[in-house]
S.K.: 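First the structure, which I've put down as structure tokens, then a few questions once you've had a look.
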Amino acid sequence: MPTHPNQGGEFDTHSTIPQREERDMDKTLTEKILSQHIVDGEMVKGQEIGIRIDHTLTQDATGTMAYLQFEAMGLDKVKTELSVSYVDHNTVQIGFENADDHKYLQSVAAKFGIVYSRAGNGICHQVNLERFGRPGKTLLGSDSHTPTGGGIGMIAIGAGGLDVAVAMGGGSFYITCPKVYKINLTGKLQPWVSAKDVVLKMLEIFTTKGNVGVIMEYAGPGVNTLSVPERATITNMGAEMGVTTSIFPSDEKTRKFLKAQGREQDWVALEADPDAKYDKVIELDLSTIEPLTAAPHSPGNVIKVSEMEGTKVDQVEVGSCTNSSYKDLMTVAKILKGKKIHPDVSLGVAPGSRQVLQMMTKEGGLSDLLGAGARILESACGFCIGNSQSPKTDAISLRTSNRNFEGRSGTKSAQAYLVSPEVAAVAAITGAFTDPRKAGIEFPIVEMPEQFLIDDSMFIFPEDADSNVDICRGPNIGDPPTNPPLPENIDGEVTIKVGDKITTDHIMPAGARMKYRSNVPKYAEFVFEHLDSTFYGRAIQIRDSGKHNIIVGGLSYGQGSSREHAALCPMYLGVKTIISKSFERIHIANLINFGIIPLTFKTDADYDALEQGDNIQMQNIRVALEQGANEVTVKNLTKGSEFGAAMNLSEEQRKMILAGGKLALLKQS
Ligand code: MIC
Ligand code: SF4
């Protein structure tokens with residue numbers, strides 16, 4: 001592999017992780033890696049800690065904003081060991097906007113010493129696992145599925161673009177020192193049951209809410225039965241549980257995977273100590289898991305595939321960062337070999353990386369897919385983010401991806417079910433939900449290759465940061481909007497009241513709208529588009545009349561993606577606070593980064609009493625933040641009532657909000 005200017009460096013895993021005898025013998029794997037990276041605070045559960053970030057990744061849909069913010073920080077190069085900029089989300093290129101963004105990202109990468117992965121090279125998480133993932137390192141990515149890297153033994157965390165920009169500038173990343181749960185895997189998966197079913201089982205147990213501040217650590221004899229890509233499928237969808245990240249040990253299987261990628265030197269053995277103490281231990285016997293599916297419209301609606309037996313299927317999509325590895329796609333190819341897909345089914349297959357596609361071509365899997373009637377899609381996010389392959393009205397769509405939120409496929413009335421590649425392939429043949437164990441098809445055995453095809457020619461490795469590079473800015477690329485310091489009082493209106501589990505896809509739709517990621521005033525027109533298309537017009541009116549917009553939410557507000565536009569665009573529209581029953585980790589960090597105050601209801605009755613259109617006042621809110629208050633009084637002028645809302649913020653977070661956001665605070669210092 002070529003050497004990267006910003007790789008290697010001071011914190012080499014081989015040299016910094018002490019030998020077993022030197023350590024206390026009761027550490028979790030998480031504690032071992034975090035304690036090697038802690039730069040601020042102490043390893044006390046529940047307290048805020050700052051960690052050093054070794055690697056970063058960005059993708060184009062969040063990356064343009066992240067690099068605009070990095071530019072605003074005025075540094076001349078990135079300070080990480082390795083930073084990679086991927087182009088994988090907006091590759092549809094209808095109109096000039098996507099291509100302009102790509103050129104911007106390429107020029108920024110050359111200027112600041114960042115590796116650039118060109119469109120066509122594959123989905124960031126899959127490619128990163130193949131070519132850069134290193135056990136024991138920390139990875140921060142501007143995408144919520146960055147925990148895919150946990151499959152190779154990294155502490156890999158998703159965050160907003162601004163946090164990634166700060167990490168690229170050498171700043172620490174702050175998290176709550178996590179609770180660590182051990183998932184003790186025993187047994188072995190039965191034929192036709194795969195890693196996707198394991199993580200769906202986990203979602204059935206843990207659901208999509210209530211897991212903020214947790215790291216899931218997989219251990220036990222069952223680990224050895226899973227390959228690195230299978231482990232990565234499991235850590236990838238930890239994002240759907242809302243955990244900080246998930247991690248597997250680094251063992252012989254990891255070494256073999258790295259060797260097959262020509263990177264054996266990046267391997268190091270890592271596991272928890274035998275007496276490690278966990279906050280919770282869950283036993284999971286792999287041999288008891290059945291083929292599962294997540295029914296519409298949440299990855300947490302897990303049911304057995306057998307319960308859906310016979311239900312007609314209109315579309316099958318295989319791919320996404322969850323299930324697009326060589327093993328996944330070869331399994332599908334083997335199932336389809338010599339067969340034809342059902343005439344009522346459209347089958348799309350998007351290989352996770354160019355390496356996967358090249359391997360499939362070499363091994364003959366590609367012609368098996370084509371022979372069966374599959375439509376080969378670009379190695380990119382594509383169908384998963386709804387910017388292509390939208391299903392027909394009311395369709396039943398089976399997808400190997402990780403999110404089935406309403407409308408995410410691009411068709412609001414479609415019913416998307418999340419399934420394994422095995423279940424997807426069998427349904428493509430039968431035209432209906434089918435328990436693959438009973439389909440009478442020979443079970444495909446796919447071995448992990450001893451050697452992957454290695455061709456890094458779609459990366460552009462910077463020789464070094466080159467300050468002479470001119471940054472290309474097309475007309476779609478605007479400056480990130482700024483926010484004034486927090487006013488003395490909040491005086492506004494409840495512009496919208498929403499229920500539980502509002503995802504960032506509800507707040508800031510992706511799909512066809514994603515091309516405006518670099519143009520905040522334009523993208524802001526679509527905030528809450530699918531929930532209430534009048535939101536934008538009303539919010540602008542309130543903002544322009546000099547008042548503030550207030551959003552009211554239920555449980556787990558801001559689930560799903562890391563897209564900071566779900567905070568940035570509301571900020572642009574003059575939203576000053578969101579009062580919710582609870583928030584998800586990445587979204588709450590994004591709100592604070594952009595100067596929006598997250599307040600939490602103390603009782604359900606307070607939530608019930610608030611209505612859209614209520615006039616709200618929070619007097620002396622600035623003073624309350626300055627004094628470190630952990631509660632504010634919310635006056636409902638319309639109803640003539642008031643209640644106390646919780647404000648749990650660290651000192652640093654309060655400073656950020658007072659300044660109008662993280663960038664404003666950085667500029668002050
Ligand atoms: C997603 O899967 O929702 C995305 C698109 O990858 C997002 C990032 C984005 O919105 O750009 C994510 O998961 O963070
Ligand atoms: Fe891309 Fe889908 Fe993965 Fe998000 S979840 S990174 S859109 S493949």
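When a ligand or atom number is given, it counts from 1 through the structure's own listing order.
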S.K.: Can you name the residues that form a side-chain hydrogen bond (donor to acceptor under 3.5 Å, both in side chains) with Lys522, not counting sequence neighbours?
M.R.: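 Listed in chain order: Glu525.
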
S.K.: Minimum distance, heavy atoms only, to atom 7 (S) of ligand 2: which one of Gln59, His89, Arg563 is it?
M.R.: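 Going through Gln59, His89, Arg563 one by one, His89 has the nearest heavy atom to atom 7 (S) of ligand 2.
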
S.K.: Leaving out waters, which are not shown anyway, how many protein N, O or S atoms lie closer than 2.8 Å to atom 3 (Fe) of ligand 2?
M.R.: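 If we list every protein N, O or S atom nearer than 2.8 Å to atom 3 (Fe) of ligand 2, we get 1.
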
S.K.: Relative to each other, are the rings of Tyr516 and Phe526 parallel, tilted or perpendicular (30° and 60° limits)?
M.R.: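 If you compare the ring of Tyr516 with that of Phe526, the planes turn out parallel.
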
S.K.: Indicate, with yes or no, if the rings of Tyr417 and Phe433 have centres closer together than 6.0 Å.
M.R.: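 Yes; Phe433 has its ring centre under 6.0 Å from that of Tyr417.
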
S.K.: For the pair Lys662 and Asp163, find out whether any cationic side-chain nitrogen is under 4.0 Å from an anionic carboxylate oxygen.
M.R.: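 A salt bridge is present here (some side-chain N lies under 4.0 Å from a carboxylate O).
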
S.K.: Rounded to the nearest 0.5 Å, what separation is found between the NE2 atom of His125 and the SG atom of Cys381?
M.R.: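 The distance works out to 7.0 Å.
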
S.K.: Can you tell me if Ser556 and Glu584 form a side-chain donor-acceptor pair at under 3.5 Å?
M.R.: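 Yes, because at least one side-chain N or O of Ser556 sits under 3.5 Å from a partner of the opposite role on Glu584.
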
S.K.: Can you tell me which residues line ligand 1 if we count any heavy atom under 4.0 angstrom from one of its atoms, in chain and number order?
M.R.: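 Residues Gln59, Ala61, Thr62, His89, Asp143, Ser144, His145, Ile385, Arg403, Arg408, Arg517, Ser561, Ser562, Arg563 each place a heavy atom under 4.0 Å from ligand 1, listed by chain and number.
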
S.K.: Under 3.5 Å, which donor-acceptor pairs link side chains of residues 147-161 to any protein atom two or more places apart or in another chain?
M.R.:
{"unit_1": "Thr148", "atom_1": "OG1", "unit_2": "His145", "atom_2": "O", "d": "2.5"}
{"unit_1": "Thr148", "atom_1": "OG1", "unit_2": "Asn236", "atom_2": "ND2", "d": "3.2"}

S.K.: Less than 4.0 Å between a side-chain N and a carboxylate O, is that true for Arg563 and Asp505?
M.R.: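 Arg563 and Asp505: salt-bridged.
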
S.K.: Measuring from the heavy atoms of Arg408, does anything fall under 4.0 Å of ligand 2?
M.R.: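 So Arg408 counts as touching ligand 2.
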
